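Here the structure comes first, spelled out in structure tokens, and everything after it is commentary.
We use all heavy atoms of the structure for the numbers below, so side chains are in, but hydrogens, waters and symmetry mates are not. Note on naming: letters A, B, ... go to the chains in the order of the sequence lines (proteins, then strands), and numbering restarts at 1 for each one. These numbers come from a predicted model, not from an experiment.
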Amino acid sequence: MSGSGSVALLQPIPKTAILYAMTKDGSKPKQDNKAQQYGVTPQSVDFNDWYNEVVKKSDLADHSPVAGAMVVRPYGTALWENIQRGLDERFKATGHQNLLFPTLIPMSFIMKEADHVEGFAPELFTVSKIGSDVLAEPYVLRPTSETIIGHMWSGWLNSYRDLPFLHNQWGSVFRAELRTKPFLRTSEFFWQEGHTAHASEAEARHEVRQQLDEYHNFCRDVLALPVVRGEKTASERFAGAENTYSIEGMMRDGKALQSGTSHYLGQNFSRAFEVKFQTKEQREEFAYTTSWGLSSRIIGAIIMTHGDDFGLMMPPRIAPIQVVIVPIGQKDNFDEMVVQGEILASELRRLGLRVRVDGREGVTNGFKYNDWELKGVPVRLELGPRDLESGVVVVKNRNSTHKETLPRAEAVAGMPERLETIHHWLYQRASDFLLENTISVDTYDEFKAAIEAGKWVRAFHCGDPESERQIKEETKATARNIPFDDSEFFAEPEQGVCVHTGKPAAYGKRVLFGRQY
RNA sequence: CGAGGCGUAGCGCAGGCCGGUAGCGCACUUGGUUUGGGACCAAGGGGUCGCAGGUUCGAAUCCUGUCGCCUCGACCA
């Protein structure tokens with residue numbers, strides 16, 4: 001990070017920052033041993049370092065020996081599994097079915113749709129040999145599965161009565177990345193790709209919008225992430241799509257992260273793969289297809305939207321551990337307090353909560369507190385002999401510095417609601433942040449200044465891809481999307497002239513611009 | 001893939017220019033004292049210096065190549 005601009009967006013620095021007093025020569029200060037061992041670089045000092053250290057020290061993920069490929073560790077996998085479960089239920093509730101396609105796709109398939117080839121060619125991994133035998137036709141590791149699914153669909157589809165196909169696949173895809181960042185940029189990443197085929201354009205378009213809304217709702221209601229729904233401009237469109245829609249989230253450094261996409265593919269892929277059917281009127285027609293995806297990148301969004309200088313803040317509804325209990329004891333009664341902690345845990349588990357008792361010996365309580373705060377566990381309970389005697393527990397929320405001492409029964413019974421409160425607190429904070437750091441501008445100077453300050457900008461644009469390209473070159477900002485009229489953010493229809501070219505604005509509303517991951 | 005930086009114990013680093021077979025802090029193990037916000041004392045264990053070649057009697061150190069990580073750029077989710 002440049003160190004200017006977006007730093008200003010960050011919240012006041014808590015006491016950990018004291019460990020990082022600047023050195024005389026202005027170089028990045030060395031951490032003292034404590035900070036080096038346990039803490040993370042504050043967001044305001046270096047957001048990039050903060051991100052890398054949080055990911056690593058919270059045990060979410062690690063680097064692998066393979067360029068650009070990460071290892072998702074158990075804590076990160078538990079998080080991803082919770083996300084998968086939540087989304088999968090939603091997909092099933094709207095009639096989608098899961099299936100599984102091969103990771104290997106014949107090279108010729110990728111070549112069949114012109115825009116698709118052009119879009120993905122530079123990042124394809126190619127398998128050209130088996131053992132020492134050279135393959136007549138190489139395979140590629142799927143960068144996405146439209147082509148092979150289209151190929152199979154053509155064999156499954158005869159009549160309009162067969163439609164719609166409402167399919168989804170959980171898996172991973174490969175797009176060569178030369179720069180790695182866990183969860184954000186990796187050569188292999190984990191996702192779900194939905195693929196549907198319909199008998200009419202209207203039905204396909206409805207599906208595209210429905211699934212984008214599903215992502216939006218899931219982000220808002222489960223991950224506590226505010227995201228802006230809208231359509232991508234032509235230059236940001238998926239390779240082979242007629243229209244691409246996205247949800248965009250704002251990270252705490254002010255950058256945008258595309259957190260999910262949904263594409264209306266029209267008949268582009270069905271033409272290329274002969275996905276056709278006989279209509280009621282006995283005509284032959286190509287199917288209208290869609291695809292939509294949300295990837296493990298969303299974990300990066302969770303980290304960078306909710307995290308603070310102490311580490312992660314897990315949204316309670318998908319937190320792998322919702323409540324951690326730290327038993328307080330001395331040598332003679334420690335084991336007993338761990339048992340008591342388990343009893344308390346079972347009371348919470350009866351309410352359906354995910355609870356962990358930290359019975360580690362040989363580390364101090366303070367160490368445990370900091371450790372679980374780094375991992376973002378929403379609520380911590382401390383249970384010591386005195387608490388046990390007087391029937392209370394000490395409760396501390398991850399998003400607060402206050403400790404409360406509550407009657408045990410009340411603390412237990414109130415836990416689900418407490419977690420809900422934290423969920424809403426996280427959403428509100430992120431939502432306020434997004435709104436506070438987005439401004440409308442009408443001149444290019446204002447535009448540049450706002451982007452430089454790390455903000456999102458709402459501005460009129462003429463729609464010319466070349467102008468977008470120049471804006472990107474000059475400011476590093478791109479059109480994130482054109483927000484929908486009916487989304488909760490930035491919906492007002494307006495008229496104006498292009499902030500860059502002065503030509504009449506396209507779209508009938510302001511376009512959202514920002515720097516991006 | 002272009003420019004730059006880096007790779008020495010689990011983590012963070014020193015040593016390298018002036019080759020002689022490795023050191024510090026934290027972590028780890030054991031014992032003791034501690035324990036309600038990142039404990040302390042003592043005694044220990046652990047690396048052949050990313051990998052592969054080369055130069056040399058001898059390479060962490062010099063040379064070449066390669067792999068990986070970080071930053072900026074290009075590309076992308």
Gap in Å between the two P atoms, one belonging to U61(B) and one to G16(B), rounded: 13 Å
Complement of G37(B), any strand, by Watson-Crick or G-U distances under 3.5 angstrom: none
Integer angstrom distance from the C1' of G44(B) to that of U55(B): 40 Å
Asp387(A) (side chain) and G36(B) (base): donor-acceptor pair under 3.5 Å: yes
Side chain of Arg185(A) - closest among C69(B), C76(B), G36(B): C76(B)
C63(B) versus C26(B) - spacing of their C1' atoms, nearest Å: 36 Å
U29(B) to G68(B) separation - C1' atoms, rounded to the nearest Å: 32 Å
Lys472(A) side chain near C75(B) phosphate (N/O to OP1/OP2, under 4.0 Å): yes
Any N/O donor-acceptor pair, Gln330(A) side-chain to G36(B) base, under 3.5 Å: no
Touch class at under 4.0 angstrom, heavy-atom based, for Thr186(A) against every strand present: base
Side-chain N,O (Lys476(A)) to OP1/OP2 (G73(B)) below 4.0 Å: yes
C1'-based separation of C11(B) from C69(B) [nearest Å]: 15 Å
Carboxylate-amine/guanidinium contact Lys472(A) Glu468(A), below 4.0 Å: no
Heavy-atom check, side chain of His63(A) versus side chain of Met70(A), under 4.5 Å: no
Nearest-Å distance once atom C1' is located in both U56(B) and G46(B): 31 Å
Aromatic ring pairing His263(A)/Phe238(A), orientation class (parallel under 30°, perpendicular over 60°, tilted between): parallel
Nearest-neighbour nucleotide for the His63(A) side chain, C70(B), G36(B), G38(B) considered: C70(B)
Gap in Å between the two P atoms, one belonging to U64(B) and one to C18(B), rounded: 16 Å
Atom pair distance, as rounded to whole Å: CZ in Arg480(A) and P in C76(B): 12 Å
Interatomic distance where CD belongs to Glu382(A) and P belongs to G38(B) [whole Å]: 12 Å
N/O (side chain, Asn48(A)) to phosphate O (OP1/OP2, U71(B)) under 4.0 Å: yes
Nucleotide opposite C13(B) in a Watson-Crick or G-U pair, distances under 3.5 Å: G23(B)
Sugar-phosphate, base or nothing in reach of Glu473(A), heavy atoms under 4.0 Å: nothing
Set of side chain to side chain contact (heavy atoms under 4.5 Å, CB included) partners for Glu177(A), sequence neighbours left out: Arg185(A), Ser187(A)
Complementary nucleotide for U71(B) - Watson-Crick or wobble, under 3.5 Å: A3(B)
Pair Phe513(A) and His461(A), ring centroids less than 6.0 Å apart: yes
Base paired to C28(B) (Watson-Crick or G-U; both N/O distances under 3.5 angstrom): G44(B)
Any strand: nucleotide that pairs with C18(B) via Watson-Crick or wobble, under 3.5 Å: none
Out of U33(B), G37(B), C70(B), whichever nucleotide has its closest atom nearest the side chain of Lys331(A): U33(B)
Candidate nucleotides G36(B), U33(B), C76(B), ranked by approach to the side chain of Val394(A) - the nearest: G36(B)
Lys368(A) (side chain) and G37(B) (base): donor-acceptor pair under 3.5 Å: no
Heavy-atom donor-acceptor pair, Asn370(A) side-chain to G37(B) base, under 3.5 Å: yes
All pairs passing side chain to side chain donor-acceptor pair (under 3.5 Å) where residues 318-341 of chain A contributes a residue, at least two apart: Glu336(A)-Gln340(A)
Glu118(A) atom CD: more than 12 heavy-atom contacts under 6.0 Å: no
C1'-based separation of A22(B) from U8(B) [nearest Å]: 8 Å
